[in-house]
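Worksheet: one structure, shown below.
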Amino acid sequence: MNIKFLDLQTLHQGLRQELLDEIGDVIDTGQFILGPKVQAFESDFAAYCETTHAVGLNNGTSALHMALLAAGIGPGDEVITTPMTFTATVAAIIYAGATPVFADIDPDTFTLAPAGIEARITPRTRAIMPVHLYGQLADMPAILAIAHKHGLRVIEDAAQAHGAKLDGRVAGSWGDIACFSFYPGKNLGACGEAGAAVTADDTLAAAMRRLRDWGQDGKYNHVVHGFNTRMEGIQGAVLRVKLRHLEEWTEARRRVAAIYNERLGQAPGLVTPKEAKGARHVYHVYAVQTDDRAGLQKRLAEAGVPTGIHYPQPVHQLACYRALPFAQGSFPVAEALAAHELSLPMCPTMTDEQAHAVCDAVIAAL
């Protein structure tokens with residue numbers, strides 16, 4: 001059986017003509033940067049996130065960077081975040097001139113643990129940046145309570161959590177700003193690079209729109225030092241088409257995860273992911289844990305089942321961040337996850353038969 005870790009070819013097959021028609025419209029109008037297709041997507045995505053504004057950008061890293069700058073965060077400031085994330089989270093903080101400060105993760109959700117945040121707050125702390133890792137929201141009620149107590153901004157890194165919910169509230173509707181990536185492999189992916197930042201704050205939205213477009217308030221009226229981080233028209237057109245299918249794809253991911261949970265939940269030597277109470281996990285990644293990751297990954301590869309690791313090192317152990325004052329052992333939960341995590345195939349195009357085949361291979365390999 002042909003099992004892919006992520007099957008974008010099949011995902012796009014049924015959308016091919018609709019996508020080509022929309023891309024053709026962009027070519028016909030010549031609106032390749034921002035333009036009506038991006039504006040239409042921004043409106044649709046803001047509504048999907050149950051907020052007021054969406055600012056289309058060229059990738060998810062730029063979304064984080066523009067969000068931090070719009071929130072007034074810069075040199076001398078500190079931002080508390082998780083060490084268990086893709087490097088872009090921390091890179092954006094450094095791009096803004098601020099200093100990343102880590103707190104450990106919750107062992108069940110793998111997201112920033114509220115219990116460790118307050119000990120990291122100093123007079124220089126300006127914001128908390130929770131990451132909704134693998135498709136599950138961080139404990140936003142607790143994080144918001146801490147932020148409000150200390151007068152801090154909250155910027156959600158929702159790059160892996162399109163449509164994820166907690167207590168009925170969707171990712172993007174919790175923080176001052178929330179940032180999304182539309183990298184092709186994301187739950188909502190562009191045909192190329194793209195990102196967005198969403199907010200209910202008019203002032204923050206205006207600041208991010210200004211920053212993404214060379215700091216302009218009107219053509220050639222450059223009022224701040226800005227950037228060229230605008231979303232392309234073709235990506236706005238593609239994303240608007242794909243957004244209409246996101247709920248269907250999310251339920252398909254949850255169906256595959258339910259099969260995995262049922263078949264693998266009691267498998268010896270394997271820990272399956274937990275869905276928090278009141279949460280809607282969207283399973284960007286289906287992350288299991290095992291003491292024999294290398295052996296299991298090798299045996300699954302031999303059986304024709306591709307896997308991934310997200311991520312083999314927490315950020316504070318990466319070579320480029322070793323100047324930060326966090327030694328090995330500083331964040332034991334994050335470090336344990338990095339040592340044991342293995343990602344199983346997950347895609348909305350997976351059939352039940354394919355999901356069961358993955359489970360058969362995992363059980364045999366164990």
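We use all heavy atoms of the structure for the numbers below, so side chains are in, but hydrogens, waters and symmetry mates are not. As the structure is a computational prediction, the values presented were derived from the model and not from experiment. Here, residue 1 is the first one in the sequence, and each next residue gets the next number.
- Inter-residue side-chain proximity for F227 and L69 is flagged as met; some heavy-atom pair is nearer than 4.5 Å.
- Rounding to the nearest 0.5 angstrom, the gap separating the NE2 atom in H12 from the CG atom in L19 is 6.5 Å.
- Salt bridge E42/R212: present, at least one basic N to carboxylate O contact under 4.0 Å.
- Residue I146 holds its CD1 atom at 6.5 Å from CD1 of I121, rounded to the nearest 0.5 Å.
- Rounding to the nearest 0.5 Å gives a distance of 10.0 Å between CG of L264 and CD of E262.
- Of the N and O atoms on the side chains of Q160 and H310, not one donor lies less than 3.5 Å from an acceptor on the other residue.
- Using a cut-off of 4.0 Å between Lys/Arg side-chain N and Asp/Glu carboxylate O, E251 and R280 are scored as salt-bridged.
- L337 places a side-chain heavy atom less than 4.5 Å from the side chain of Q289.
- Y95 is linked by a ring-ring contact (aromatic ring centres under 6.0 Å, His included) to H65, counting only residues two or more places apart in sequence or in another chain.
- T89 and D157 are linked by a side-chain donor-acceptor pair at a separation below 3.5 angstrom, with hydrogens and angles left out of the test.
- To the nearest 0.5 angstrom, I33 atom CD1 is 5.0 Å from E232 atom CD.
- Note that NZ of K37 and CD1 of I234 are 11.0 Å apart. Values are rounded to the nearest 0.5 Å.
- No salt bridge links R240 with E22; every basic N to acidic carboxylate O contact stays at or beyond 4.0 Å.
- T290 contributes a side-chain N or O that, together with a main-chain N or O of G269, makes up a donor-acceptor pair within less than 3.5 Å.
- There is no side-chain donor-acceptor pair under 3.5 Å between Q328 and H316.
- If you check the side chains of E341 and S343, you find a donor sitting under 3.5 Å from an acceptor.
- Side-chain atoms of I93 and T81, non-hydrogen and from C-beta on, do get closer than 4.5 Å to each other.
- With hydrogens and angles left out, the side-chain atoms of T122 and E78 include a donor and acceptor closer than 3.5 Å.
- H281 pairs by the ring-ring contact (aromatic ring centres under 6.0 Å, His included) definition with Y283, not counting sequence neighbours.
- Contact annotation: the side chain of S181 never approaches that of N59 to less than 4.5 Å [non-hydrogen atoms, C-beta and beyond].
- Salt bridge absent: R244 and D44 never bring a charged side-chain N and a carboxylate O closer than 4.0 Å.
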